[in-house]
Amino acid sequence: MTLILDPDEPGGWSDAPPAASALVDGLNPEQREAVEYRGPALLIVAGAGSGKTRVLTHRIAGLLESRDAWPSQILAITFTNKAAAEMRERVRHLLGDGADGMWISTFHSACVRILRREADAIGLSSTFTIYDSADTRVILKRIIKDLDADTMGFTPAGVQGKISKLKNELADADSYARNANMNDPHEVMFVEIFRQYARRLRDASALDFDDLIGETVYLFRAFPKTAALYQRRFRHILVDEYQDTNHAQYSLIHELTRPVAPELVDEMESQGLHVRSLADSSGSIPGASLTVVGDSDQSIYAFRGADIRNIVEFERDFPGARVVLLEQNYRSTQNILSAANAVIGNNFDRKDKKLWTAVGDGEKITGYTGYTAHDEAQFIADEIEALHRSGVDYRDIAVFYRTNAQTRALEEIFVRSALPYRVVGGTKFYERAEIKDAMAYLISVANPLDELALRRILNTPKRGIGPATVTALATFAEQNEISFRQAMRAAAGLGLGPKVTAAITALANLLDEAALMLVPPTPPADAPADAPAPASSVKVSDVLSHLLTGSGLLDALRNSRDPQDEARAENVDELLAQTKDFDKDNPDATLVDFLTQVSLVAAADDLDDASGTVSLMTLHTAKGLEYHAVFVTGIEEGLLPHQISASEPGGPAEERRLFYVGITRARVRLYLSLAMSRAQFGETNVALPSRYLQEIPEELIDWKQSPGMANSRGGTGPRALNARRQPGADRWGSSYNSDRFSVAASTKPARAAGAEWPNKVTAVRDNGDLTLDAGDRIRHADFGEGRVTQVTGEGTKKVAHVSFDSAGQKKLLIKIAPIEKI
DNA sequence: CGACTTGATGTTTTT
DNA sequence: CATCAAGTCG
C-alpha cells in the first residue's frame, strides 16, 4: 500500500503530505494546540470521540515536519495491537515512508523488542519464550500440587491473579516477603509458590506478560548505561490510553523520560556515539518530551492494575505540563451523547466533563427486553438485517457484551439467520490444543530451555511416553544439573525401555535437526546475539513443515478415527499457511519473530476489516473503536455490573465506565438490550434490568419492548420465568411498569404482527440435502409459513431468503434451519 | 501406557 | 454446560 517513491528525494512524496498548515487544517482550537504545543510534557484529556487519534497522528507528523524529531526518535505506545496498527496506518497516510523507523507499538511489543536486544545483560536468552496465562496456569498448577498447597486453599487462578497484581506493582517474591506477615503459614506458602514460579520461568528462560514490562524496568534501573541508549534515542514519547497504565508501565515511562547524566554522555561519546549535540549546557541530555492522552471516564482496566491516579496526578508528576481538554465530540449524535453523559455523571469524584456535538439529536436509542438471551439475540439479528437492508454495511455494525460466554446465544441465532459475523478478540485459534502443540514444537526449537514446551510435545503425538518416563527424565536432569532437553539427548543411558528410548532420541534428533536448519554456519549452542543469519535462507514455514512431518503430528491427526481430528488437522494446516504468509510478508524475520508475533499479536487476524461482517466483541475490546450502529447487550444486574465486581470497591463505578465506553462507540444508531432470564451455567435465572439503564433519561429511549412489558406478559412467557419469579423481579416489573415503561408499553405495540416471539432454540439439526427453490412454500418452527423468494450460496452454506406470512423477511441456512417444505 | 468412564468443579474483563 | 481431573479396565 505504499505509494511513496523515494523518501530521500525531496520531490519523492507522492501521497501529497499536507503542507505545514494542512496538518492543523480542520482542527478545532484545542486540537490544534495539542498538535502544535512543544514542551517537556503535555496531557491531552480527550473525551470519547473527540478526535484523539487524529490529534496524536497529526502531532507526530508535525514533529517530523517541523524538524523537531527524526522518525527514529519517536516512540508511540498504545495498549492494543489494533490501536497500534491503526495509528501506524494513519501516520503512514500522512507521511508515507517518512514514517519508517518510528516505534509505534504496544507496551508489550516495545518491551520485547528491547529485552531481546539486551537479554544478555539480565541473564536471559534472546530467544526467551513468552508465556501466556494458560502456560502460567499449568506451571502454577504443578507447583501447587508439588507443595500440597491446594489443601490450604490455593488455586492456580487465585495465585495467578495475586502474582500478576504484585508484578504490576514491580514486586517480586523477596520484596513481598519482606513486607508480609511471615508468621502466617498461608503467606509463607504463597511466597514459596511465588519463588518457585519465578525460578521455573528463569530456568526455562521464559517471561510472562507482566515480566515483559517489569523486567524492562529492572533492566533500565540496574543498567543505567543501557537505559541511556534508549533515553537518548527516544526524544518524543507519546502514550495513548494513559488512564489504563499500571504502576509498572508508569515506571517504564518514567525511566524512558529520565535525563542522561553528563558522565554517561561523556562515556557514550567516547565510545563513538555522537550524542553530545543532544546535551544541554549542563552536559546532560534532557529527558524526552512526553505526551499522554487519556480519559479517566474510560478507565476500565483497574482489574489488571491500571491506576487512575497516573493520569489524575500527571500535572504533579510533571510540573509545568500543559493540559489540553478535548470535549467536542465528532462521532455521535446528541441523543447518544446525552445518554452517555447522563450515565457517567453518576460517577462521583470525577472532573465534570460534558461531551457535546454539533451534529444534532439524531434518532432515539432503541431499547428491547427479550424473554431469553435467544430472544434478545433474535431481536438483534432482525434489527441488523433491517439496518443492512436500509443500506448500512455489515462491517459498520457491532454487538458488544460483558462476558465472552454471551457470544453463544448470539452466534447460534446469527448462524441460523445466515448473518455474516466474526467474533473479535476471542482469538481462540492459537488457544486450540493442536495449535499449541504445533507451536510448542517451534518453541522447543527456538528456546531449548523451555521445559514446558518440551513436556507438551514429548508425547504428542502419542509415542508411548507416559508420566513415569517424564519423571525419570526430569529427575535425571535435576541430578546431573543439565537441562531437560539435554537429558533427552542422553536418554540412551537411562535404562528405559527400548521403544521409549528410541522415541525420545528420535524427538531430540528432530529438534536438533530443525535448530540446525535455522543456523547454517555455527552450531546452535550459542544464541546469536542479535544477528539473525543475514541470508535467512530457511523460512519459518520450512521449519514447521519439517517438524510436523518428522514428528508425525499431522499424520496422526489425519489418520485418527476421531472425527474431530479432521478439523484439528485442518487447523494445523491453517497454521502452516499462516507461517507461509508470515514468511512472505516478513522476508527478513526469524522464527523468534514469528513466535513473538503470535504471543503478542494473536488478534492480528482481526485486523483485516475488509470483510463485510458484523463484529462481536466484549465491551473491553470495543474501546477505541466506533461503528455506525452499536448493540450493547445483556444490560442486566449481575452482568453489567457484573456480579463479582458489584461488591468490589470501585467496581460499580468501573462497570459504569464500561457501559459508557460501549455507548460512546456508536455514531448514529444505538441499541440497548437485555433479557429477562439468562442461562448461567446450566440454570436459567431471572435477570433484572441494570441499574445503569435507569440513569438514562427516558425520553431518549424508544422501547420496542420494555422491561415492564416483558415482565407483565404473564402466562405466555417461558417456564423458567414463571416458575421462579424472585421478589425483586416484580419490583422492577411493577414500579417501573406503572410509571415510565408502561408509557412506552401503551404507545408502542410489542411487535408488529406476530407478537409471539420465538423463545426457544432447538438443537442443531440437519436437513440433509433438502433443496429449495424460489417459489417453494415452507414451514418454520418459529416463524410459521412463508415463501422462498431467493436461494443463494453453495453447498452447506446455501441460504434461503424467505418471506414469511407473519414474521417478515428472513434469511435461513437451509441445511440447519428448523424448516420443512410444504 | 492408553482409551474410556464417571465425577466434580468452576465462572469477568486482557496484553 | 462443558471442561477438566481422577479412576478403571484392557
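Please read all numbers here as calculations on a predicted model, not as lab measurements. Just so we're on the same page: letters track the sequence lines, and every chain starts at 1.
The residue among A/I465 and A/I644 whose nearest nucleotide of DNA chain B lies closer to the 5′ end is A/I465. For the pair A/R463 and A/L658, nearest-nucleotide mapping onto DNA chain B gives the more 5' position to A/R463.
Ranking B/dT12, C/dA6, B/dT14 by closeness to the A/H642 side chain, first place goes to B/dT12. With B/dT12, B/dT13, B/dC1 as the candidates, the nucleotide lying closest to the side chain of A/A468 is B/dC1. Among the nucleotides B/dT15, B/dT13, B/dG2, the one closest to any side-chain atom of A/N459 is B/dG2. Taking the side chain of A/H620 as heavy atoms from C-beta on, and the options B/dT12, B/dT14, B/dT15, the nearest nucleotide is B/dT14. Relative to the side chain of A/T403, the nucleotides B/dT14, B/dT12, C/dC4 differ in distance, and B/dT12 lies closest.
Between the side chains of A/H374 and A/E412, at least one donor N or O lies within less than 3.5 Å of an accepting N or O. A/Q243 and A/S296 form no side-chain donor-acceptor contact under 3.5 Å, judged by distance and modelled atom types alone. Using modelled atom types, one finds no donor on one side chain facing an acceptor on the other under 3.5 Å when comparing A/R402 with A/T618. Checked by atom type, the side-chain pair A/T127/A/R116 shows no donor-acceptor distance below 3.5 Å.
Within the 4.0 angstrom heavy-atom criterion, no nucleotide atom of any strand lies near A/T155. Among the atoms of the strands shown, only primed sugar atoms or phosphate atoms (P, OP1, OP2) are found under 4.0 Å from some heavy atom of A/F79. Within the nucleic acid shown, A/A405 has no heavy atom closer than 4.0 Å to any nucleic acid atom. Heavy atoms of A/K623 sit nowhere under 4.0 angstrom from any nucleic acid atom. When heavy atoms are screened at a 4.0 angstrom cut-off, A/D132 is found touching no nucleic acid atom at all. The residue A/S109 sits apart from the nucleic acid: no heavy atom pair falls under 4.0 Å.
Between A/M617 atom CE and B/dT12 atom P the separation is 21 Å, expressed in whole Å. In this structure, A/Q160 atom CD and B/dT13 atom C1' are separated by 14 Å, rounded to whole Å. Atom pair A/D244:CG and B/dT13:P shows a separation of 17 Å (rounding to whole Å applied). A/E241 has its CD atom 12 Å from the P atom of B/dT15, to the nearest Å. Between the P atom of C/dA2 and the CZ atom of A/R432 lies a distance of 16 Å, rounded to the nearest Å. Spacing between atom CD of A/Q643 and atom C1' of B/dT13 amounts to 15 Å, rounded to whole angstrom units. The nearest whole Å value for the distance from the CZ atom in A/R656 to the C1' atom in B/dT12 is 18 Å. The separation between A/H247 atom NE2 and B/dT15 atom P is 22 Å, rounded to whole Å.
A/F190 has its ring centre no less than 6.0 Å from the ring centre of A/H186.
Close to B/dT14, at under 4.0 Å from its OP1 or OP2, lies no side-chain N or O of A/S133. The phosphate of C/dA2 (OP1 or OP2) has a side-chain N or O of A/R408 nearer than 4.0 angstrom. In this structure, A/N168 does not reach the B/dT15 phosphate: none of its side-chain N or O atoms is under 4.0 Å from OP1 or OP2. Within the structure, every side-chain polar atom (N or O) of A/N81 is placed at least 4.0 Å from both OP1 and OP2 of B/dT15. Within the structure, every side-chain polar atom (N or O) of A/T80 is placed at least 4.0 Å from both OP1 and OP2 of B/dT14. In this model, the phosphate group of B/dT14 is approached by a side-chain N or O of A/N404 to a distance below 4.0 Å at OP1 or OP2. At least one side-chain nitrogen or oxygen of A/T469 sits closer than 4.0 Å to the OP1 or OP2 atom of B/dC1. A close approach under 4.0 Å does occur between a side-chain nitrogen or oxygen of A/K141 and OP1 or OP2 of C/dA5.
Remark: ring of A/F303 does not overlap the six-membered base ring of B/dT14 in a stacked fashion, as centroids less than 5.5 Å apart with planes less than 30° apart are not both met.
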Next item on the list: Begin with the C-alpha distance, continue with both residues' side-chain angles, and end with the deciding distance and a verdict on salt bridge (charged side-chain N to carboxylate O under 4.0 Å, His left out) for A/D210 and A/K165.
Entry: CA-CA 9 Å; A/D210 303 318; A/K165 206 165 247 162; over 6 Å; no
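Put simply, the side chain of A/M617 does not reach to within 4.5 Å of the side chain of A/V423, judged on heavy atoms.
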